Amino acid sequence: MKLFFGKKEENIIETFKEHLDIVEFGIKKLQDVFKAYIEENWEELEKVDKEISDIERNADIKRKQIENKMYSKAFLPNFRGDLLGLIENVDKIMNKTQTVSEIIYYQKPFLNTEIKEKMLIQTKLVEKAFYSLRIAIESLFENTEKALNYVKEVEQYEHEEDIVEKNLLKEIFDSKDLQLAEKLQAKDLILQIGDIADRSEDVSDRVEIILLKRNI
Amino acid sequence: MFYILPAIFLGWSLGANDAANLFGPPVVSGLIKYRNATIIAAIFVVLGALIGGTRGLNTLGNLTNLSLIHSSMALFCAALTMTTMTFLGLPSSATQAVVGAIVGIGIFRGVVDSSGLIKIGISWIGTPIGAIIFSIILYKVISFFFRKVLTIQNQDRFIKMLTWIVGIYGSYALGANNTANVTGALVGRLFNVNILALIGGLSIAFGILTYGKKVMYTVGSKIIDLSHFSSMITIFSASLTVWIYSVVGVPVSSSQAIVGAVIGIGIVTGTRTFNFKIIKRIIFGWIGTPLISGVTSILFVFLTEVIF
């Protein structure tokens with residue numbers, strides 16, 4: 001069947017996978033941001049932040065490429081909107097990743113190593129949530145039956161991340177060593193990291209809706 | 001030659017509206033390009049008329065013993081009724097208008113074959129009911145196979161291919177069934193059946209090709225918003241119904257078949273796709289349209305006889 005049609009679709013799927021690769025690479029880079037932050041290696045932090053900024057720009061370029069390809073009328077009309085929604089919202093995950101990197105690079109919030117390491121754990125859960133999301137999206141084009149399991153996985157990791165986030169916030173506001181301004185600065189950073197996982201969950205909801213629409 | 005003109009006019013107007021019933025939803029939703037849809041529909045309508053149109057032509061031709069001039073007048077009045085009713089926003093169907101006009105003049109001026117009339121009446125009632133049943137069955141059967149397709153790109157291909165296939169089949173069925181409306185009244189009075197089938201098919205095809213995008217978009221968007229899958233099943237069920245009646249030899253309304261098919265989709269998916277207004281429209285199609293067309297044609301014949 002591919003001989004007759006489907007090249008446009010396959011091409012878009014490939015480009016979308018490349019976009020997912022880029023975003024995943026960007027999220028993984030957050031680990032390096034935190035390592036430099038924990039070690040207070042500001043030179044390294046500047047370098048990694050710059051890399052994340054480049055990755056974000058590459059993701060934007062890739063997203064625009066896909067959107068242009070969508071004008072060639074690949075897929076059925078009512079799926080095109082769903083697919084564009086997926087891509088745009090995956091791109092927003094990368095935007096948020098860049099925001100987190102910039103907060104750390106520009107503000108270098110004054111926190112003890114223990115809290116910074118807990119933030120690193122939070123970031124690892126964010127990464128896991130995105131990885132499951134990525135597989136869920138790929139399953140749409142490989143085996144739709146598997147996609148729902150990965151959607152559930154995203155929800156699970158987002159939930160775990162939420163618990164870490166709340167505990168961290170409590171710890172920070174209970175702390176006697178930090179000033180209110182420092183607490184608020186830390187709170188913002190923790191919430192922004194949490195937003196990356198929230199955005200992954202939002203996209204996984206979209207994947208679920210796509211599956212439900214096709215549940216004939 | 002002059003007597004064929006009302007038939008061509010009727011076919012032209014029927015073509016645009018009925019092709020819109022078949023291809024309207026996939027064209028409006030962007031699944032199929034308008035130009036491609038109209039060209040393919042036009043070709044297969046003509047083929048349908050030539051290969052499967054003769055039975056219906058004979059049914060309408062044998063319905064009355066009217067003269068050529070009266071048959072031609074009946075077609076003119078049917079076209080007039082249709083145009084006026086469309087203008088007034090009333091539901092109209094060529095099938096029902098033509099039968100109403102022929103039977104009207106038949107009662108006034110000649111003999112009406114009551115057995116043929118009963119066959120037509122039963123078929124009309126059977127059209128939406130048949131389409132409801134077919135859409136329930138087809139939805140269940142085809143969705144079973146659809147569920148075996150496990151990637152989105154292949155699901156989309158599956159729907160697109162089937163939409164094309166059922167659209168082509170539907171065009172064939174439309175040609176086979178509805179040609180009788182266009183030239184059936186002239187059977188035994190002008191040319192032979194095959195030439196009348198060709199003229200009927202060509203005038204419907206002409207309507208499809210020339211009536212413009214707007215009709216397809218208007219008709220297509222009036223049909224309830226369905227998913228691509230459901231809209232494909234709707235066309236399939238309506239086409240199957242119309243095709244079966246072309247084999248039986250009774251022209252039926254493709255609009256009523258579509259409405260029935262949409263109701264069937266509602267039943268099988270558990271969504272409400274019909275209301276009292278739709279039921280009223282269907283019943284009006286069975287009784288109101290032929291009655292108005294019949295009375296119009298009787299008045300027309302009466303007036304021309306008084307004047308000339």
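Model, not experiment: these values are computed from the prediction. These numbers come from the heavy atoms of this one structure, side chains and all, not from hydrogens, waters or symmetry mates.
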Using a heavy-atom distance cut-off of less than 4.5 Å, which residues of residues 138-147 of chain B contact chain A? B/Y139, B/S143, B/F146, B/R147
Heavy atoms only, distances under 4.5 angstrom: which of A/P77, A/A147, A/S139 has the most pairs with chain B? Name it, please. A/P77
Can you check whether A/N78 reaches B/S29 side chain to side chain, under 4.5 Å on heavy atoms? no
Can you find a heavy atom in the side chain of B/I152 that is under 4.5 Å from one in the side chain of A/T144? yes
For chain B, which residues from residues 118-133 of chain A have at least one heavy atom closer than 4.5 Å to it? none
Those residues of residues 209-216 of chain A, ordered by number, that approach chain B below 4.5 Å (heavy atom to heavy atom): A/I210, A/R214, A/I216
Please look at A/F75 and chain B and tell me whether the side chain, the backbone, both or neither of the residue comes under 4.5 angstrom of a heavy atom of that chain. both
Out of curiosity, B/H228 NE2 to A/F79 CZ, how far, rounded to the nearest 0.5 Å? 11.0 Å
Side-chain donor or acceptor of B/D156 paired with backbone N/O of A/L76 under 3.5 Å: yes
Using the salt bridge (charged side-chain N to carboxylate O under 4.0 Å, His left out) rule, take A/E10 and B/R157 through it: C-alpha gap first, then chi angles, then the decisive distance, then the call. CA-CA 12 Å; A/E10 296 303 331; B/R157 283 173 200 149; 3.3 Å; yes
Does [X] [atom1] have over 12 foreign heavy atoms under 6.0 Å away?
X	atom1	answer
A/K69	NZ	yes
A/K50	NZ	no
A/K166	NZ	no

Donor-acceptor contacts under 3.5 Å from residues 85-96 of chain A side chains, at least two apart:
| unit_1 | atom_1 | unit_2 | atom_2 | d |
| --- | --- | --- | --- | --- |
| A/N89 | ND2 | A/G85 | O | 2.7 |
| A/D91 | OD1 | A/H19 | NE2 | 2.9 |
| A/D91 | OD2 | A/R63 | NE | 3.0 |
| A/K96 | NZ | A/Q192 | OE1 | 2.7 |

Between A/E142 and B/T151 the two heavy atoms that sit nearest each other are O-CG2, 3.2 Å
Any idea which heavy atoms bring B/G30 and A/R80 closest together, and the distance? O-NH2, 4.4 Å
